Amino acid sequence: MQAKVYEFLQKNKKNIITGNLKEALLTGEVFKYLNILYSVFPDFRAGFGDDLRSFRNEIFELNNALFKYYNENAYFISPYSTILKKLPLKKYYKSITLEFGDEIEFEKLKEKIIYWGYERVDIVSEKGEASFRGDIFDIWPINSEKPIRISLFDTQIESIRTFDEITQKSIEEIEKFSIIPAIAALDEKEYNEILQKCQNSEFSTFYKDFSSLGFWYLERDYLNDFVLIKDLTQEIEEYKEFYKEFNQAFFNAKIIPNGKCIDINEKLKVKN
């Protein structure tokens, strides 16, 4: 599989659809070897109207991948189950950068964090959470390996530190960091409109809030301009039995032809 991807990418740089996440990750190794910027989408199995609290990690992985695709000119590599669905538009993928010494409007920042899909908690222990205690602001950005603690002096950022989510103790001081949306970069009006739709929805979810259903009410569309790593006819037919959304671009997508017999594994070993 990697051999034909390697040969194909020599002359054609394209987004690639795979049969599963494992194939997507293996394909990513070829992109990496060829120094082609790429973004691997997760295997997103939620169906329209599902409670997304059950798919929290998948949503965060998807948003990280979409942010990279939209903002860094990366090619996407995606399992078919993800790309067959409508995905949020580029306008929802903005970022905030906070740096030591910055003057900030803390109340407005707190509001924006909530509008972007972060959940307010007492103690931050998972990605997508934020806590506000006096002049201390804790947040675990979905694009960060560790949660981050900001200390303020009046309106100025006095320190920025990563911390351990279990012990809550500081790890190291950093100069700056960025926050991308947990769900979408919304303003107050957009957030309230979507929240109202969630509360009035007919979906059978325990909670009818932004975290559970907000994703489904974003403006979404199908991504196109991709090739298939192999014939996915059987997989697509099975998909259509369970999901309503279907990306028609699959009907026009070409399949990557088989390549020459080259030992791509040895090439990857040498490069790594």
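Quantities reported herein were computed from a predicted structural model and do not represent experimental measurements.
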- Query: Is the Tyr6 ring parallel, tilted or perpendicular to the Tyr33 ring (thresholds 30°, 60°)?
  - Reply: tilted
- Item | Pair Phe210 and Tyr191, ring centroids less than 6.0 Å apart | yes
- Message: For Thr233 and Asp231, which I'm curious about, is there any donor-acceptor pair between the side chains at under 3.5 Å?
- Response: yes
- Query: With a cut-off of 6.0 Å (strictly less than), are more than 12 heavy atoms of other residues, nucleotides or ligands near CD of Gln10?
  - Reply: yes
- Message: Out of the candidates Phe67, Phe41, Tyr70, only one should pair with Phe76 under the ring-ring contact (aromatic ring centres under 6.0 Å, His included) rule; please name it.
- Response: Phe41
- Message: I'd like to know if the side chain of Asp50 and the backbone of Ala46 have a donor-acceptor N/O pair within less than 3.5 Å.
- Response: no
- Message: If hydrophobic clusters are built from ILVMFWY residues whose side chains come within less than 4.5 Å, do Tyr217 and Tyr222 share one?
- Response: no
- Message: Using the rule that Ile, Leu, Val, Met, Phe, Trp and Tyr join whenever any side-chain heavy atoms are under 4.5 Å apart, tell me whether Val124 and Leu98 fall into a single cluster.
- Response: no
- Item | Pair Ser54-Asp51, side-chain donor/acceptor within less than 3.5 Å | no
- Query: When you measure from the side chain of Asn252 to the backbone N and O of Ala249, does any donor-acceptor pair fall under 3.5 Å?
  - Reply: no
- Query: Does the pair Tyr115 and Asp187 meet the rule for a side-chain hydrogen bond (donor to acceptor under 3.5 Å, both in side chains), with working shown?
  - Reply: CA-CA 6 Å; Tyr115 299 152; Asp187 60 26; over 6 Å; no
- Message: For Lys146 and Glu165: C-alpha separation, side-chain torsions, deciding distance, then whether salt bridge (charged side-chain N to carboxylate O under 4.0 Å, His left out) applies.
- Response: CA-CA 7 Å; Lys146 283 291 181 182; Glu165 66 272 20; 2.9 Å; yes
- Asn71-Tyr93 side chain donor-acceptor pair, cut-off 3.5 Å: no
- Message: Does Glu103, at its CD atom, have more than 12 non-hydrogen atoms belonging to other residues, nucleotides or ligands within less than 6.0 Å?
- Response: yes
- Message: Regarding Asn143 and Ser178, do their side chains bring together a donor and an acceptor under 3.5 Å, going by distance alone?
- Response: yes
- Query: Out of Asn247, Ile77, Ile16, which one pairs with Phe226 under the side chain to side chain contact (heavy atoms under 4.5 Å, CB included) rule?
  - Reply: Asn247
- Query: Between Tyr38 and Lys68, is there a cation-pi geometry (under 6.0 Å to ring centre, at most 45° from the normal)?
  - Reply: yes
- Task: May I ask you to check whether Tyr69 and Tyr75 place their ring centres under 6.0 Å from each other?
- Result: no
- Message: Is it true that, when you exclude Asp122 itself, more than 12 heavy atoms of the residues, nucleotides or ligands shown sit nearer than 6.0 Å to its CG?
- Response: no
- Query: What residues form a side chain to side chain donor-acceptor pair (under 3.5 Å) with Lys176, not counting sequence neighbours?
  - Reply: none
- Query: Would you call Glu119 and Arg53 a salt bridge, using N to O less than 4.0 angstrom?
  - Reply: yes
- Charged N to carboxylate O below 4.0 Å: is that the case for Glu7 and Lys4? no
- Can you tell me if OH on Tyr207 sees more than 12 non-hydrogen neighbours from other groups inside 6.0 Å? no
- Message: Assigning hydrophobic clusters by single linkage (Ile, Leu, Val, Met, Phe, Trp, Tyr; side-chain heavy-atom cutoff under 4.5 Å), is Leu232 placed with Tyr239?
- Response: yes
- Item | Flag, side chain of Thr27 to backbone of Glu23, donor-acceptor distance under 3.5 Å | yes
- Would you say Gln234 has more than 12 foreign heavy atoms packed within less than 6.0 Å of its CD? no
- Can you check whether Gln196's main-chain N or O pairs, donor with acceptor, with Asn200's side chain at less than 3.5 Å? yes
- Message: Within a 6.0 Å radius of atom NZ on Lys208, are there more than 12 heavy atoms belonging to other residues, nucleotides or ligands?
- Response: yes
- Evaluate whether atom NZ of Lys240 has more than 12 neighbouring non-hydrogen atoms of other residues, nucleotides or ligands under 6.0 angstrom away. yes
- Using 30° and 60° as the class limits, which term best fits the ring planes of Phe44 and Phe55: parallel, tilted or perpendicular? perpendicular
- Which of these passes ring-ring contact (aromatic ring centres under 6.0 Å, His included) with Phe48: Tyr243, Trp216, Phe215? Trp216
- Item | Lys/Arg-Asp/Glu bridge criterion (N-O < 4.0 Å) met for Glu193, Lys197 | no
- Item | Pair Asp138 + Arg149: basic N to acidic O under 4.0 Å | yes
- Task: Can you see which heavy atom on Lys127 is nearest to which on Ser144, and at what distance?
- Result: CE-O, 3.1 Å
- Distance under 6.0 Å and angle within 45° of ring axis: Lys110 vs Phe106: yes
- Message: Between Arg120 and Glu129 (salt bridge meaning N to carboxylate O under 4.0 Å), is one present in this structure?
- Response: no
- Query: Between Lys112 and Glu188, is the closest basic N to carboxylate O distance under 4.0 Å?
  - Reply: no
- Task: Inspect the surroundings of CD1 in Ile123 and state if more than 12 heavy atoms from other residues, nucleotides or ligands are less than 6.0 Å away.
- Result: no
- Over all atoms of both residues, closest heavy-atom pair of Ile229 and Val5: CD1-CG2, 3.8 Å
